[in-house]
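Letters A, B, ... are given to chains in the order of the sequence lines, protein chains preceding strands, and every chain is numbered from 1. What you are looking at is a predicted structure, and each value in this text was computed from that prediction instead of being measured.
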Amino acid sequence: MENTITNREAEPVAESNDLSLVLTPLEDLRGFLFHHLGRLLLFLITSSSVIAVFLIFFFVIREAMPFIKEHDLIKFLTSKQWYPEADTPKFGALSMIVGSAYVTVASLIFAVPVGILAAVFLSDIVSFRIREIVKPVIEILAAIPSVAYGFFAVLVLAPWLQNKFGFTTGTNALNASIILSIMALPTIISVAEDSISTVGRELREASYGLGATRFETIFKVVLPTAHSGIIAAVILGMMRAIGETMVVWMASGNAAQIPAPWWNLSQSVRTMTASIAGEMGETVKGSDHYYSLFATGVLLLILIFTLNLISEYFLVSAKKKLGKI
Amino acid sequence: MKYNTRHIINKIFTVVTAASVVLMIVILISVLGPMIWRGSSAVFFKSTVEFRKMQLDLHHRGDEAEIGDEISKSEIYRDFIYHKIDVFKKGINTDYYTDRVKQIYRKFSKELQYNGIKGDQLSRRRKFARGIRRDMEKAFKSLDKAEILQIIDDVNKCKGDERIANTKADEFFVLADEYKETIKNFDLSKRQQYAQALKEVEGLVRQLLGPRSDEPLPAMVMDRYGATRVDLAKELLDKIIWKRQWVQQNPDKPMVEEKVRRATQFAGTELESIFPYIEENFDTITIPRFTFYWQYFFDDSTSGHYFGGVGPEILGTLILTVLAMAFVFPLGVISAAYLVECASDNMAVRIIRMSINTLAGVPSIVFGLFGLAFFVLVFIPFFGGPSKPCILAASLTLAVLTLPVMIRASEEAIRSVPKTYKEASLGLGAGRFRTFVKVTFPAALPGILTGVILSLSRVAGETAPILFTGACAFGSVPKSLFSQTRTLSYGSYDIAVGDKIGMLVPHNQYGMVVTLVLLIICLNAIAIFFRAKIFRRLKGH
């Protein structure tokens, strides 16, 4: 610090009279230009994420275009026949779309209650110290890479399920759903906890003051107030489950079928992400099959984009609502 | 509702919420526990003499004299076992005897020619020897013990005949006696059955002990050594001692696995004795020793990760993550700085924020598709690079993937710098740019670094985006940015489901994935620690 001060004093400008503080028109112009050009440059760099999103949409859709042009989109969305390499190839992605929805919903059935309860526990029940111990557990659950979860599903969970419940195969919808729910938990917990904590003391204290128990306060006051944030949490967890690739590819068994009695979790299913990951390596670039996988990618992108918009709507409305109170 | 019921419900609720957190901790432990436990056996294990031999051959590790001593010690036992197998094999595989009898005949006729015997004499004597040869071949082929003994007796009667006396043909009788000895304890009717069982045993013994000392070096490295680890050796030993077969006890019930002592299969033969022999001398043959194989993290592996470590995978992961970070760090920090310092709440900024959120939600496999469609097919060829999956494309894809993580973390870090810092700097007359570079950024740096570490751990674990953009399961250490690389994440996938050899070496399967998980957990632990420290400092402690 001292060094810079002595340097400043050595500058001739400091010795001249008061006029030096007034900028010449040229300096003024330069400062103005620098300021605005700098801002523009920073703005351009910051828009790189917009450009990235744009490029992702553009290039994935561009590669999917030949398929969309040549094939019946309605058939793509409603047919169950997925035989991309047959002599007369059939591209019906319905079983994959259903598969994605199936494992996602199944995983949320477990993850949502556990996640919300854990969020309530962390925000309303335990002391700060315990929260500091539990938080890293959630962070590590979130940090474990999906391929490690997939590994666990294939080599540990699948044989266990097979031996314990006598399933014909251990890699099935149940296995994938269990792992997906573990992976969706951290997202649900952290977003839900955020929105539950922002509900604020006043509401809680008013409820306690009226003689409500903690259970009643949480269920009748806190959760209803925080409901938009919790819905956003569920949607974000859902996005995590739909977009997950390695786990479903490794654990779901990859049979392109819709489970026959719909509640039968022990059957193998295949999701959109898994079919892209599994088949892209085997296709010839430029074939119908190749383009159809990109079309599946477009479908995923649209789905995620819509879910993202919905979750954003709920997050914003949560913010507005709590801001007003 | 009664006061009591309300309180009981309240208590139950508290317990249930606590249970959900406990459940999560249990899940974490049950996912990580078995993996880390089994994965650690890739580094800490009991090695056999074969392991030390391999380390000496491939990497020149260990004391040559000492290992040589160990090898020669265990070789005595090995040779004995192989010798027993060879003897038994002769009884089954009579090609050996047929070859020898033909050889003797050839030697005999050569000897005659050498001695200058010609014409009628020669053909007469050769005809006699040929007769013996035919008889003996018949004996070797026969499955009837009485017939064989009869033939051998007949052959022995020719001993001392003047046509073949004192020639090489004497060896016929030695051979005949040898064969008689071999089949003495041998149930010839089971020859077919024995042949099958012996093939199995021989294969297993070879897996346990490695190739014989007089055999030429096998081409595949994985065939050159026996069981290198005591746990694998014990499994093999169990397979050698016990034969497993599926038995249908009841027509309605599923098949049941049954264990039979293999020794009973060979009851009454030469081979019976080697089973207890191997079992008793297991320690003397394998010479187990506790080993800390730290080179696991640096060694290359042989095909299918049968032997060796995860060195190239770690290197590839590091290259990818560091490159991706180099791309994303400036972008992320500048974007965050703009969003905090300059941005007002206008339309453009709202669009930017929405893009960041969208980017964070795009499925990783779609990033893979994007990387293939943009970086591999368009971007890199545009600058004159090759249009094929490579490290550069993979790391660029990962950089895009981790951009939102980086921006959010940096934004938070910059936002958490107290306003007073900035105001003090502005009050001293510094411009906004100077204030950011000299005051806000250094103060936010630890927080930004935490974000970097978190992004690193995210990038290191991603598999789907690099599937089509630069990862491969086999291949040498990458030489340039335009070659593909092995990574821990893709390797973990491949060794778990893509690779048949992987199933034979569970310790290496788990070792790979545990290396990845530990790397990521360590990065996260560092980040968590850092953050706690910053938090405390900003609070003024």
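- For the residue pair A/E63 and A/Y290, a side-chain donor N or O sits within less than 3.5 Å of a side-chain acceptor on the partner.
- Both the backbone and the side chain of B/L28 come within contact range of chain A, with heavy atoms under 4.5 Å apart.
- A/T273 contributes a side-chain N or O that, together with a main-chain N or O of A/E244, makes up a donor-acceptor pair within less than 3.5 Å.
- Nearest approach of A/A118 to B/S20, heavy atoms of both residues: N-OG, 3.4 Å.
- Checked by atom type, the side-chain pair A/E139/B/N524 shows no donor-acceptor distance below 3.5 Å.
- Of the two parts of B/L454, neither the backbone nor the side chain holds a non-hydrogen atom closer than 4.5 Å to a non-hydrogen atom of chain A.
- Proximity to chain A (any heavy atom under 4.5 Å) is restricted, for B/L372, to the side chain, taken from C-beta onward.
- Only the side chain of B/F468 comes within less than 4.5 Å of a heavy atom in chain A; its backbone stays farther off.
- There is no side-chain donor-acceptor pair under 3.5 Å between A/S190 and A/E193.
- A/I125 touches chain B through its side chain: at least one heavy atom from C-beta onward sits under 4.5 Å away, while N, CA, C and O do not.
- Looking at A/V50, the atoms closer than 4.5 Å to chain B (heavy atoms on both sides) sit in the backbone and in the side chain alike.
- Of the two parts of B/V514, neither the backbone nor the side chain holds a non-hydrogen atom closer than 4.5 Å to a non-hydrogen atom of chain A.
- Contact of B/L369 with chain A is made through backbone and side chain together, with heavy-atom distances under 4.5 Å.
- Without hydrogens or angle criteria, A/S123 side chain to A/A119 main chain gives a donor-acceptor distance under 3.5 Å.
- At a 4.5 Å heavy-atom cutoff, the contact between B/V400 and chain A is made by side-chain atoms alone.
- Chain B forms the most heavy-atom pairs under 4.5 Å with one residue out of A/M239, A/R214, A/R62, and that residue is A/R214.
- Atom CZ of A/R30 is surrounded by 12 or fewer heavy atoms from other residues, nucleotides or ligands within 6.0 Å.
- Looking at A/L141, the atoms closer than 4.5 Å to chain B (heavy atoms on both sides) sit in the backbone and in the side chain alike.
- Only the backbone of A/L293 comes within contact range of chain B, judged by heavy atoms closer than 4.5 Å.
- Contact of B/M354 with chain A is made through backbone and side chain together, with heavy-atom distances under 4.5 Å.
- Residue B/Y510 touches chain A through both its backbone and its side chain, counting heavy-atom pairs closer than 4.5 Å.
- Contact of B/R432 with chain A is made through the side chain alone, with heavy-atom distances under 4.5 Å.
- Per-residue counts of heavy-atom pairs under 4.5 Å with chain A were compared for B/T14, B/V517, B/L339, B/I25; the largest is that of B/T14.
- You'll find the side chain of B/L519 stays beyond 4.5 Å of the side chain of B/T515, heavy atoms only.
- Considering every non-hydrogen atom in both B/V366 and A/G297, the closest pair reads CG2-O, 4.1 Å.
- With respect to chain B, the highest number of heavy-atom pairs below 4.5 Å among A/S48, A/A142, A/A277, A/A143 belongs to A/A277.
- A pairwise comparison of heavy atoms in B/S455 and B/M406 identifies OG-SD, 3.7 Å as the closest pair.
- With respect to chain A, the highest number of heavy-atom pairs below 4.5 Å among B/S364, B/S457, B/A18 belongs to B/A18.
- Interface residue A/I218: only side-chain heavy atoms are found under 4.5 Å from chain B.
- Here the closest non-hydrogen pair linking B/I407 and B/S335 is CD1-CB, 3.8 Å.
- Residue A/R240: no heavy atom, backbone or side chain, is found under 4.5 Å from chain B.
- Heavy atoms of A/V114 lying under 4.5 Å from chain B belong to its backbone as well as its side chain.
- Using a 4.5 Å cut-off between heavy atoms, B/M35 touches chain A through its side chain atoms alone.
- Between chain B and the options A/I189, A/I56, A/L301, A/L55, heavy-atom pairs under 4.5 Å are most frequent for A/I56.
- Looking only at heavy-atom pairs under 4.5 Å with chain A, the residue among B/L377, B/I356, B/L23 that has the most is B/L377.
- Shown here is B/E412, whose CD atom has no more than 12 heavy atoms of other residues, nucleotides or ligands within 6.0 Å.
- Using a 4.5 Å cut-off between heavy atoms, A/V137 contacts chain B through both its backbone and its side chain.
- Taking the ring centroids of B/F379 and B/F382, they lie at or beyond the 6.0 Å cut-off.
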- Show the numbers, then the answer: is there a ring-ring contact (aromatic ring centres under 6.0 Å, His included) between A/F294 and A/Y291? CA-CA 5 Å; A/F294 272 94; A/Y291 294 131; 7.6 Å; no
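- Between A/E216 and A/A212 the shortest heavy-atom distance is OE1-CA, 3.4 Å.
- Relative orientation of the A/H36 and A/F32 rings is tilted, given thresholds of 30° and 60° on the angle between their planes.
- Put simply, of A/F152, A/Y149, A/F59, the one with the most heavy-atom pairs under 4.5 Å next to chain B is A/F59.
- B/T402 places no side-chain N or O within 3.5 Å of a backbone atom of B/V405 that could act as its donor or acceptor partner.
- Neither the backbone nor the side chain of B/L523 comes within less than 4.5 Å of any heavy atom in chain A.
- Of the two parts of B/I12, neither the backbone nor the side chain holds a non-hydrogen atom closer than 4.5 Å to a non-hydrogen atom of chain A.
- Taking B/V16, B/L331, B/I521 one by one and counting their heavy-atom pairs under 4.5 Å with chain A, the maximum is reached by B/L331.
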- For the pair B/T397 and B/I466, evaluate side-chain contact (heavy atoms from CB on, under 4.5 Å) and give the outcome as yes or no after the intermediate values. CA-CA 8 Å; B/T397 311; B/I466 56 173; 6.0 Å; no
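- Counting heavy-atom pairs closer than 4.5 Å to chain B, the top residue among A/I182, A/I45, A/L303, A/V60 is A/I45.
- Scanning all heavy atoms of the two residues, the minimum distance from B/V376 to B/S387 falls at O-OG, 3.2 Å.
- Proximity to chain B (any heavy atom under 4.5 Å) is restricted, for A/L309, to the side chain, taken from C-beta onward.
- For the set A/F305, A/W249, A/F219, the count of heavy-atom pairs under 4.5 angstrom toward chain B peaks at A/W249.
- For the set B/N357, B/L403, B/L488, B/V378, the count of heavy-atom pairs under 4.5 angstrom toward chain A peaks at B/N357.
- With a 4.5 angstrom heavy-atom cutoff, B/I27 touches chain A only via side-chain atoms.
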